[in-house]
Amino acid sequence: MTARVRTGVLISGRGSNLQSLIDACANPDFPAEIACVISNVAGAEGLARAGHMGIATHVVAHGGFKLREEFDMELDAALSRNAVSIVCLAGFMRVLSDVFVEKWRGRLINIHPSLLPGFKGLDVHGRVITSGARISGCTVHFVVPELDSGPIIAQAAVPVLADDTEESLSARTLAAEHRLYPHALKLLAEGRVKLDGERAVFTNISDAEGTLINPPLD
Ligand code: GRF
């Protein structure tokens, strides 16, 4: 078997997307492995998830640094120590400096709980409901300096139902996220998606892989 791509995951909290990546990597045929999990929050639930699986964990507390760039240098050092090639942001609640983003350009991806480019930023589900949108979803994209704006790798759609609350829409979207993120990481680890300038460029993608993944209604 060819070597699996060593992947670092950055988290700040619950880590349910991290868990979906850990579960995907449990399959020996999956092209990536989780080399380390880094949190800016000590005690983040995701750290325990990684710890249970024997995955290296690190806390880089942002409070300890005066400058964003210094914090990011420490993150970068931890990723390098773990010989990471791909970085997945999974509920990582810090804006990364341009220097960090440029260094990892094309190898740094994020999951966002909306169909980008709509509903960037925080508190997505309430805004989706208020907008009257009938379809929402999630997006995995390459990270660029502008927040939630990088080229899109994969998206999944979910319906917005008439009686949805933030909680119910969030839960439905999260179920889609958990299927989408491993799919996107697989494409990147296999070199089937690459960042080329401002565009995500795909090779060897079947029609099924390129279409939306729609989880069943709950
Ligand atoms: C997810 O909704 C993700 O899309 C967003 O932050 C949330 C993280 O949840 N970026 P979890 O920590 O993965 O459970």
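Whatever order the structure lists them in is the order used to number ligands and atoms, beginning at 1. Counting begins at 1 with the first residue of the sequence.
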Q | Under 4.5 Å side-chain linkage, directly or through intermediates, the cluster mates of Met93 | A | Leu122
Q | Heavy-atom side-chain proximity of Ile109 to Phe142 below 4.5 angstrom | A | yes
Q) What protein heavy atom sits nearest atom 4 (O) of ligand 1, and how far away is it? A) Glu177 OE1, 2.6 Å
Q) Does any N/O atom on Asn110 come nearer than 3.5 Å to any N/O atom on ligand 1? A) no
**Q.** Contact atoms of ligand 1, heavy-atom distance to Gly15 under 4.0 Å
**A.** 11 (P), 12 (O), 13 (O), 14 (O)
Q.
Which residues pass the side-chain hydrogen bond (donor to acceptor under 3.5 Å, both in side chains) test with Gln19, not counting sequence neighbours?
A. Asp23, Arg49
Q: Side-chain contact test, heavy atoms from C-beta onward, threshold under 4.5 Å: evaluate it for Asp76 versus Trp104 and give yes or no.
A: yes
Q.
Does Arg105, at its CZ atom, have more than 12 non-hydrogen atoms belonging to other residues, nucleotides or ligands within less than 6.0 Å?
A. yes
Q. How far is atom 6 (O) of ligand 1 from its nearest protein heavy atom, and which residue and atom name does that atom have?
A. Gly91 CA, 3.6 Å
Q. N/O of Ile111 under 3.5 Å from N/O of ligand 1, yes or no?
A. yes
Q. Which heavy atom of the protein is the closest neighbour of atom 9 (O) of ligand 1, given with residue, atom name and distance?
A. Arg14 NH2, 3.0 Å
